[in-house]
2 protein chains.
Amino acid sequence: MFNHLFSKGGLSLERMRGFMQMAEAGSISRAAPGDANRQSQISRQIRELEHFFGTKLTKRNGRMLTLSPAGQRLSQLIRGQLHDLEDFRKEQAEQPKSLVIGAAASVLDWLLVPVLPAISTLLGNATLYTEVHRSRSLSDAVRDGRVDLALIRKSAVAKGDPMAAVMKVGFHLCIPRRLLKRGTSQQDASSPLVWQRLPFAAGRDGGEADAAIRNSMKGVGVDFRPKFECGSLLQVLKLVQLEACAAILPTVGIPSLDPKLVLVLPFTPMRTFDRTLVLHWNRRQMERRGIESGHLKRLARLIATQRLP
Amino acid sequence: MFNHLFSKGGLSLERMRGFMQMAEAGSISRAAPGDANRQSQISRQIRELEHFFGTKLTKRNGRMLTLSPAGQRLSQLIRGQLHDLEDFRKEQAEQPKSLVIGAAASVLDWLLVPVLPAISTLLGNATLYTEVHRSRSLSDAVRDGRVDLALIRKSAVAKGDPMAAVMKVGFHLCIPRRLLKRGTSQQDASSPLVWQRLPFAAGRDGGEADAAIRNSMKGVGVDFRPKFECGSLLQVLKLVQLEACAAILPTVGIPSLDPKLVLVLPFTPMRTFDRTLVLHWNRRQMERRGIESGHLKRLARLIATQRLP
DNA sequence: AAGATTGCTGACTCCTAAGTCATGTTTAAT
DNA sequence: ATTAAACATGACTTAGGAGTCAGCAATCTT
């Protein structure tokens, strides 16, 4: 059995590794930035694998090299195999498992980081790696095992894939009371006319939420010109906490605000943008690690019920 | 990622292969009979793997070497990986998949072989390998992927494992009419007194069914001394077809007998021995091959409904 | 106790594959 | 047209692992 795999040369773990690195990085040069040797080596290793399997594993895409369908399959297969071996090694070395958790920056910082210790405990003292991703790329990353767990909006998960609901997320208008005229009622503050005169902070991460905020503002006739455009919502939150400006923030950020200092109102123009946040995982990946879906559902509850100080 | 797997030597496909061969065979010497070189090589390869993972993969058992629990896990992991690579290679080479089908000799010959072509078609022109196994070892073989499909008695399948019923199997007393006195009624022939004077053929394969037959005979007061003791039930069937002797045969063999020449009666002493034959498979293994359980259930029906000429 | 079986070890040889370097080819941007 | 980026290729050196052989040690059989 398996004679065909060994009767001719050309297959080796190192080659598989080289190919997989290229697959992860998306191209050869990105797999080994600044190392021309390694680049030529990976190029050769891929060609040797192609010769072994008798198939093209890559295709040209401009001057870059990307995976062919067969290459996609093989790279995922190899990733899984190396993963298994690594898990076995860790297990034998009595090192804890490691898991990669991905989410958008704000979700990670506000929702996930506070419960990381509890998550680690729940998963048998696993070592946890966090990675910032966009929603769209996250579901891909989970699908092919680069990320083990993701906190992601439900609509980004392909149906049939496993997930567990965590919480609903909406958007809120957050206005430091200091910036409002004395005696401004909550109802007054809900008026676009008031918004127009407030200094705003906004994200500028190119994400969907960011674009939606700007569109919504435009939709209600506000010429939205934020005073601060920040690379991340964390910075926006900070600016609000400093009472320097108002902002539209997702639910997950609200607990960080002091209600005595900041007025928080539902941001009605984005009601349709409300979304459910779910914990998403790759079924095979979790089976491999021996983590049952019961654990993961408990984990989702844990995240949902945690409260910030 | 996976740096630990490559930062030190000691891990290679060849070594994994050597280890797995030993694991399959049960000992080093059986893995390479008559080849002292290969034996010493495998011994070394195993030790190198043990050093790499920092664990014992084997333990002594008398002068033989068997797997430690960690070795068990690793060998199954490796088998799966090589299997995946082999499947991928075949797929790319546009060769059909191959599947190993196991069953007891009689079940294989009488029930399975006639439908092999149909099975192959159903599974996308797969190449099929048949292997003769005992029931007990079969369920083990399926569990760790050495055998893909097994036709096996239901009680030998661990509960929770996937299976599909094929048919009930009982045992029948088959007596060539030539051997009975003229005018012997069917009822007369059912009497142990008649059996005592008949020449019998029986299996002597050490299987459970064989032992049960002998016990049952003893139970009804027959001093069971078969005239022929054959290594396989196929030979027993042949002897009955030749009208040379009577025999106790399982349901699957009955269609090969001409009812005009051979009287077939239920063998009542073994009623409690009736069993259900099921098609059994390894869930992961079938997922790997992309074979759905719907296909397998259809396959079970196919086997059940086939009729011998 | 003698012999056979099974596995382990050391000391090699040989070969595959990893790694290095220089240079060529294709494609994209200016 | 020129330049730069990304990959490919040829011609090597080096290292690690496969393969071979001889001999030893432990265990079972008789």
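As a basis for the values below, the full set of heavy atoms in this structure was taken, side chains included, without hydrogen atoms, waters or symmetry mates. Residue numbers begin at 1 in each chain, while the letters A, B, ... track the order of the sequences.
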Report yes or no: is there a donor-acceptor pair, N or O only, under 3.5 Å between the side chain of B:Arg44 and the base of C:dG7?
-> no
Side-chain donor/acceptor of B:Arg63 to base of C:dT5, under 3.5 Å | yes
B:Ser12 side-chain N/O to D:dA18 phosphate OP1/OP2 under 4.0 Å | yes
Just by modelled atom types, is the A:Thr66 backbone N or O under 3.5 Å from a matching donor or acceptor in the A:Asn61 side chain?
-> no
May I have the distance from B:Lys8 (atom NZ) to D:dG17 (atom P), rounded to whole angstrom?
-> 12 Å
Nucleotide D:dT9, atom P - distance to CG of A:Asn37 in whole Å = 17 Å
Whole-Å gap separating P (C:dA28) and CG (A:Leu65) | 13 Å
Rounded to whole Å, NE2 of A:His51 lies from P of C:dA17 at a distance of 12 Å
Taking CZ from A:Arg47 and C1' from C:dT25, how many angstroms apart are they, rounded to a whole number?
-> 13 Å
Hey, does the Lys NZ or Arg CZ of A:Lys218 hover above the aromatic six-ring of A:Phe224, less than 6.0 Å from the centre and inside 45° of the axis?
-> no
Identify whether any heavy atom of B:Gly10 sits under 4.0 Å from a base atom; if not, whether one sits that close to sugar-phosphate; answer base, sugar-phosphate or nothing.
-> sugar-phosphate
Value in whole Å for how far the C1' atom of D:dT13 lies from CD of A:Gln41 | 13 Å
For DNA chain C, whose closest nucleotide is more 5', that of A:Glu48 or that of B:Gly26?
-> B:Gly26
Donor-acceptor pair, B:Lys8 side chain versus B:Phe52 backbone, under 3.5 Å?
-> yes
Do any N or O atoms from the side chain of B:Thr55 and from the backbone of B:Phe53 form a donor-acceptor pair under 3.5 angstrom?
-> yes
Between the side chains of A:Ser98 and A:Glu86, does any donor sit under 3.5 Å from an acceptor?
-> no
Nearest-Å distance, CG (B:Leu13) to C1' (C:dA18)?
-> 15 Å
State whether A:Arg60 places a side-chain N or O below 4.0 Å from either non-bridging phosphate oxygen (OP1 or OP2) of C:dT27.
-> no
What is the distance from CZ of B:Arg38 to P of D:dA18, rounded to the nearest Å?
-> 9 Å
Nucleotide of C:dT20, D:dA18, C:dC8 approaching B:Arg15 most closely (side-chain heavy atoms) | D:dA18
Using only side-chain N and O atoms of A:Ser27, determine if any of them is under 4.0 Å from OP1 or OP2 of D:dA6.
-> no
May I ask you to verify if any side-chain N or O of A:Ser40 is less than 4.0 angstrom from the OP1 or OP2 atom of C:dG19?
-> no
